[in-house]
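Note that the structure is predicted; figures quoted are calculated from it, not measured. Just so you know, residue 1 is the first one in the sequence shown, and it goes up from there. All values below were derived from every heavy atom in this structure, side-chain atoms included, with hydrogens, water molecules and symmetry-related copies excluded.
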Amino acid sequence: MPTVNGSSYNATTLKNSLIQQNNVSKLASGSNFPKASDAAASLAISAVLQADTVVLNQNAATAAQGASIGQIADGGLARISDGLVRLKELAGQALGASQDPNSLNAINTEFVQIRDEISAIAGQTSFNGQSLLNNTGSQSFLIGTDVGDTINLDNVDATGAALGISGLTVDTVGNASTALASIDNAINVVSGYRAGVGAAVSRFEVAGENIASQVENVKAANSALADSDIAAQVTSLVTSKVLNEVGLSARAQANNNPQALLRLLER
């Protein structure tokens, strides 16, 4: 009497059941390896990619912060530059041959006020409590996944003393002449500061765009590795269920009606 081999059927059923369990686990978790034993090597790679994504997201925020700090510094330098231009204009007025002592005093009053305001701006321009325009230190910003992937933003000293304008007056023609030469030099110094800060801001912005691209690429790589293919898992699940049902049906028919099965096999 022909029968379906029980041990073979049980082995096949067990295999299909395990496949179904694996399919269900992947569908429920959305991951290709809901358990570490499913793919230990792939899981380790995915963990590294996830860590890189976290670091890169933080670096994107750091790059944006660096650009913001640079823009704040440049805003302060722009105001100082405007002040220096006004000082130069007042010094030029003081050098005019028609200026009498009263006019020189009036011009000098405005000159001194703007001169002192320049130092005030340098002292007040800060970010998170750190002055940006009255010291010569620097700040380092990590913008990559390696320790050496940094951008340095140099702070500058744009106080009146550092620019060489402290104590200048235009109350006499001689003082105005001295002031004019010092102001020209200060304008050049501040222009150099702004060029350096502007270059750093541009670098931060480019770095931010590059980081955003890296984040997308790393996420895509991790998704391809770790995310479950829903369509493939559903197809596999349905297939394994059908195979089990076919096997069960064949076994039942073979055991209940062996002659019918024999005739089927002889065809």
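The shortest side-chain heavy-atom distance between F111 and I183 falls under the 4.5 Å cut-off. Side-chain contact between V156 and L133: present, with at least one pair of heavy atoms (C-beta onward) separated by less than 4.5 Å. Under the 4.5 Å side-chain criterion, counting only non-hydrogen atoms from C-beta, I80 is in contact with L163. Put simply, the side chain of L95 reaches to within 4.5 Å of the side chain of V173, judged on heavy atoms. Side chains of L84 and I165 form a contact here, defined as non-hydrogen atoms less than 4.5 Å apart. In this structure the side chain of F141 reaches within 4.5 angstrom of the side chain of I69, judged on heavy atoms.
D171 places no side-chain N or O within donor-acceptor distance of the main-chain N or O of N105, the cut-off being under 3.5 Å. At distances below 3.5 Å, at least one donor-acceptor pair connects side-chain atoms of T178 with backbone N or O atoms of G174. Side-chain N or O atoms of S81 include none that pairs as donor or acceptor with a backbone N or O of L77 at under 3.5 Å. Judged by distance alone, the side chain of D157 and the main-chain N or O of T159 form a donor-acceptor pair under 3.5 Å.
In the model, N59 has no side-chain atom that pairs as donor or acceptor with a side-chain atom of T62 under 3.5 Å.
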For residues 115-130, run the donor-acceptor check on the side chains, cut-off 3.5 Å, and write out each pair with its distance to 0.1 Å, sequence neighbours left out.
residue : atom : partner : partner atom : Å
R115    : NH1  : L168    : O            : 2.7
S119    : OG   : G160    : N            : 2.7
T125    : OG1  : I121    : O            : 2.8

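Residue G70 comes nearest to V197 through the heavy atom pair O-CG1, 3.1 Å, listed as atom of the first residue, atom of the second, then distance.
Heavy-atom contacts from other residues, nucleotides or ligands closer than 6.0 Å to CZ of R79 number 12 or fewer.
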